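Residues take their numbers from the sequence shown, with the count starting at 1. Please read these numbers as outputs of a predicted model, since none were measured by experiment.
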Amino acid sequence: MTLLFLMIRAVPGDPAAVLLGPRATTEMMALLHQQMGLDKPLVVQIAIFFGGLLHGDLGFDVFSQRSVADIVFQQLPYTIELILVSIFWAVVIAVPLGCYSAMRRNSLADQMAGVVTVATIAIPSFVVAVYALMIFAVTLRWLPAVGAGNGFWDGLIHLILPAFAIGIGWVGYISRLVRASMLEILSENHVRMARSFGISEGRIVARYALPLAILPTVTILGVGIGWLLSSAVFVEVVFARPGIGALIVNAVNTRNYPIVMGVVLVTTFLIVTATTLSDLVNAFLDPRTREKL
């Protein structure tokens, strides 16, 4: 946080000049610097910032005259719902696809799935977002182009294109990971033992192989929350959606230091929380992990 505090203040530009405009007088600039605490030495500014954190205070935004915590947590649900929907549909498609590829190893269907999934991994989310916007919203006019919608169903429709742009790469990534893990699990002794008892292949995969093969995917999803958040930044900007991604882009452009620090703090907490939850889910699925805790 100290490093970020120093880096954001090293960015050229004066937030007071951005807020007041080119016709601002010296007295007006000095008054706004005082209100933002920029007239104090850098060491004092850092001490004030961390002192506020000890009391749960993320600071005050001079631009909007509101608490930073109120602004960040007002936008946070939009980003969380976008990430959850993106991962949900990606997992629903990728896990069965990975299992099928493992069960039909080296078949034509497996090779075709491999080509498609690797291609989806290689395409950046912002490129998918731009082309999805141009094709489905502008040209075909099947789906809305911008905004988050009003109400449940309208909001869900507005989520389709942004969630597609973020989740498409994860379909390929998760399916490849599940396939590799499944191939390894299917060759283990307990799976051979299950086959010797005459248990169907479908039940072996669902009951004995998948709970273990899914463990690397759970771990990747936990530590990949940072990647998801970075993808959400581009997607929210492209589709003009509210969220912490669009919020931090606007804050950096206007040199709004308190908002930038507040967003980074909250996203750091999300990353730590997601990593912890992935460890707990792994412990629930794998008895060997539970014994080590």
Checklist entry - Given Leu221 and Val91, is the side-chain contact (heavy atoms from CB on, under 4.5 Å) satisfied, shown in steps? => result CA-CA 10 Å; Leu221 289 177; Val91 169; 4.1 Å; yes
Checklist entry - Step by step, would you call Met7 with Leu3 a side-chain contact (heavy atoms from CB on, under 4.5 Å)? => result CA-CA 6 Å; Met7 290 175 61; Leu3 180 60; 3.8 Å; yes
Item to check | Candidate pair Arg176 and Thr117, rule side-chain hydrogen bond (donor to acceptor under 3.5 Å, both in side chains), full reasoning | outcome: CA-CA 7 Å; Arg176 292 289 89 191; Thr117 53; 3.3 Å; yes
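Proximity of Ser175 to Val95: side-chain heavy atoms (C-beta onward) are nowhere separated by under 4.5 Å. Residues Ile214 and Thr217 meet the side-chain proximity criterion, which asks for heavy atoms closer than 4.5 Å. For the pair Pro258/Asn256, a side-chain contact is recorded, criterion being any heavy-atom separation below 4.5 Å from C-beta on. In this structure the side chain of Val264 reaches within 4.5 angstrom of the side chain of Ile248, judged on heavy atoms. In this structure, the side chains of Trp170 and Leu228 come closer than 4.5 Å at one or more pairs of heavy atoms. Annotation: side chain of Leu161 is in contact with side chain of Phe239 (closest heavy-atom distance under 4.5 Å). For the pair Arg179/Glu184, no side-chain contact is recorded, criterion being any heavy-atom separation below 4.5 Å from C-beta on. With a 4.5 Å cut-off on side-chain heavy atoms, Val127 and Phe234 do not count as touching.
The neighbour count for Met134 CE, taken as heavy atoms of other residues, nucleotides or ligands under 6.0 Å away, does not exceed 12. Phe50 CZ: more than 12 foreign heavy atoms inside a 6.0 Å radius. Crowding of Asn253 atom CG: a count of heavy atoms from other residues, nucleotides or ligands under 6.0 Å exceeding 12.
A distance of 10.5 Å separates CG of Leu54 from CZ of Phe49, quoted to the nearest 0.5 Å. Atom CD1 of Ile259 is separated from atom CD1 of Ile244 by 11.5 Å, given to the nearest 0.5 angstrom. Interatomic distance, CZ of Phe164 versus CG of Leu133, reported as 12.5 Å (0.5 Å rounding). To the nearest 0.5 angstrom, Ile93 atom CD1 is 10.5 Å from Ile174 atom CD1.
One hydrophobic cluster, built from ILVMFWY side chains closer than 4.5 Å, cannot hold both Ile83 and Phe126; they sit in different ones. Hydrophobic clustering, with ILVMFWY side chains joined whenever heavy atoms are under 4.5 angstrom apart, groups Ile135 together with Val238. Linking ILVMFWY side-chain heavy atoms closer than 4.5 Å, directly or via other members, places Leu6 and Ile48 in two distinct hydrophobic clusters.
Side chain of Gln75 to main chain of Leu247: no donor-acceptor pair is present (N/O by atom type, distance under 3.5 Å, no hydrogens or angles). Under the 3.5 Å distance criterion, the side-chain polar atoms of Ser278 are matched with a main-chain donor or acceptor of Thr275.
A salt bridge links Arg241 with Glu81: the closest approach of a Lys/Arg side-chain nitrogen to an acidic carboxylate oxygen falls below 4.0 angstrom.
Side-chain atoms of Gln74 and Arg66 include a donor-acceptor pair closer than 3.5 Å.
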